[in-house]
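Keep in mind it's a predicted model, so treat the numbers as computed, not measured.
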There are 2 protein chains.
Amino acid sequence: MPRKPEYDRDDLIARARDIFWRQGWAGTSLKDLERELKLKPGSFYAAFGSKDALYGLALDRYAQEGVARLRALADRVGPLEALKAQPRLVIEASGAPAKACMLAKTYAELQAKDHELAGRAGVLMSEMKACFADLFRQAQETGDIAPSHDPNRLAMRYQSELLGLRLSAERSDVDAHEIAADIAADIDRL
Amino acid sequence: MPRKPEYDRDDLIARARDIFWRQGWAGTSLKDLERELKLKPGSFYAAFGSKDALYGLALDRYAQEGVARLRALADRVGPLEALKAQPRLVIEASGAPAKACMLAKTYAELQAKDHELAGRAGVLMSEMKACFADLFRQAQETGDIAPSHDPNRLAMRYQSELLGLRLSAERSDVDAHEIAADIAADIDRL
DNA sequence: TATATACTTGAGTGATCACTCAAGAAAGAC
DNA sequence: GTCTTTCTTGAGTGATCACTCAAGTATATA
């Protein structure tokens, strides 16, 4: 007896993620979302409850897809090659709405206000870091990286480098490919 | 015959810089500024013209002091030691309102909207990068770094690492000191 | 002391913010 | 077709945004 919604909820979340990713939390108004998602306020709030709730869903989707993409890459080319390729891949992603990491942007924007979404972004960054640590550990098991290194420390440094790289990639006066190549070269030296 | 203002303009800019640095552009309202600077709207607009104008002054001050501090450090301990010490110093700065770089935060927040302040932050980051390149060049002249490296490329990578480090330093699940130590160790290997 | 020249004050501006809700439209169940 | 349930619509909510301005106040000069 009910009526079905005209929109595809998953697609809406993905589109919202792209807008939030590009413009940030404060930089995205409900007017923006209504226009891009083609939802009137009533439908928007029936579907998602609030701007923050949708942002949270977008954030989760972003992180989940990021981890999945890296894991899939590692399954194909192995942990070491995946870690070496990732810097180049993240700055080349042509379909992406921005080069910088959405988790990092969210954290930087909202952490000072102790916003719940900053906390969520922090947790997701931590999970991403754990994923990196896993790959470093695997690369040690396959003998590609010397066992003397602490995989957690490698992951921490690697993630920090990626965050810097991705922010640098938004600048026109920086050749991010050179940085990415240098990061990959450093991994080979481990 | 005129009356003198009750405030110290330079001090006001420094205090505004700290608020903007911590809370970002959209995250700082005029109410915030009026409260922290103890200025009523009339005085505020007589003194600075607009929120954006004050933000611009704060940004310039931030960058100018950052460059000056690094140059002074290099004069004391030499270019190589300055470059090695900087990562630790920026994350230890106890009086600072935030660990992350204000230029990077501004750029990340406002670049998508082509805001004038993002452009200004970009230019200032570029000047900072040039300062890093100078130091790498000097370190090559003193023989501390092999002359085969391109100082501009080293500066680019170094700045990218610093941006990542400083963002990481805001996280509670990351030991930024370890990252800083690793960055310094890598400089020694050049 | 008188006057001219700022600076300070704070109520008030229109615009935009996230969000609400009542009314109308559409689709499955009977 | 009729009913029930849900979705869609969009005008409207109070709050907050950056900002204005006229009136009041303080000070240096004459």
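Projected onto DNA chain C by closest heavy-atom contact, Leu39(B) and Gly49(A) fall at different nucleotides, the more 5' of which corresponds to Leu39(B). Comparing Thr28(A) and Gly42(A) by the nucleotide of DNA chain C that holds the closest heavy atom to each, the one mapping nearer the 5' end is Thr28(A).
Rounded to an integer number of Å, the gap from CZ of Phe48(A) to C1' of dC19(C) is 16 Å. Remark: P of dA18(C) and NZ of Lys51(A) are 4 Å apart, rounded to the nearest angstrom. Atom CZ in Phe44(B) sits roughly 16 Å away from atom P in dC7(C) (whole-Å rounding). As rounded to whole Å, 13 Å separates atom C1' of dA18(C) from atom CG of Leu54(A). In this structure, NZ of Lys40(B) is placed 7 Å from C1' of dT9(C), rounded to the nearest angstrom. The distance between atom NZ of Lys31(A) and atom P of dG10(D), rounded to the nearest whole Å, is 13 Å. Atom CG of Leu33(B) is separated from atom C1' of dG10(C) by 17 Å (rounded to the nearest Å). Here dA15(D) presents its P atom at 20 Å from CG of Leu30(B), a figure rounded to the nearest Å.
When distances run from any side-chain atom of Pro41(A) to the nucleotides dA11(D), dA18(C), dG10(C), the shortest one goes to dA11(D). Nearest nucleotide to the side chain of Ser43(A), out of dT8(D), dC19(D), dT9(C): dT8(D). Listed nucleotides: dC19(D), dA18(C), dG10(C). Nearest to the side chain of Tyr45(A): dA18(C). The listed nucleotides are dC17(C), dG10(C), dA18(D); the one nearest the side chain of Ser29(B) is dA18(D).
Ionic pairing of Arg22(B) and Asp18(B) is not present here: no N-O contact between side-chain nitrogen and carboxylate oxygen is shorter than 4.0 angstrom. Ion pairing between Asp11(B) and Arg15(B) holds under the 4.0 Å rule for side-chain N and carboxylate O.
At a threshold of 4.5 Å between non-hydrogen side-chain atoms, the residues Leu124(A) and Thr106(A) do not count as touching. Under the 4.5 Å side-chain criterion, counting only non-hydrogen atoms from C-beta, Leu33(A) is not in contact with Leu39(A).
Hydrophobic clustering, with ILVMFWY side chains joined whenever heavy atoms are under 4.5 angstrom apart, groups Leu37(B) together with Tyr62(B).
A donor-acceptor contact closer than 3.5 angstrom is absent between the side chains of Ser50(A) and Asp52(A).
Both tests do not hold together for Lys105(A) against Trp25(A): distance to the six-membered ring centre under 6.0 Å, angle to the ring axis within 45°.
Tested against Lys84(B), the residues Asp188(B), Asp186(B), Asp182(B) include a single salt bridge (charged side-chain N to carboxylate O under 4.0 Å, His left out) partner, Asp188(B).
Here Phe44(B) and Phe48(B) bring their ring centres to under 6.0 angstrom of each other.
Relative to the axis of its first five pairs, the axis of the last five pairs of the helix from dT1(C)-dA30(D) to dC30(C)-dG1(D) sits at 0°, rounded to 10 degrees.
The stretch residues 7-27 of chain B has no heavy atom under 4.0 Å from DNA chain D, so no residue of it qualifies as close.
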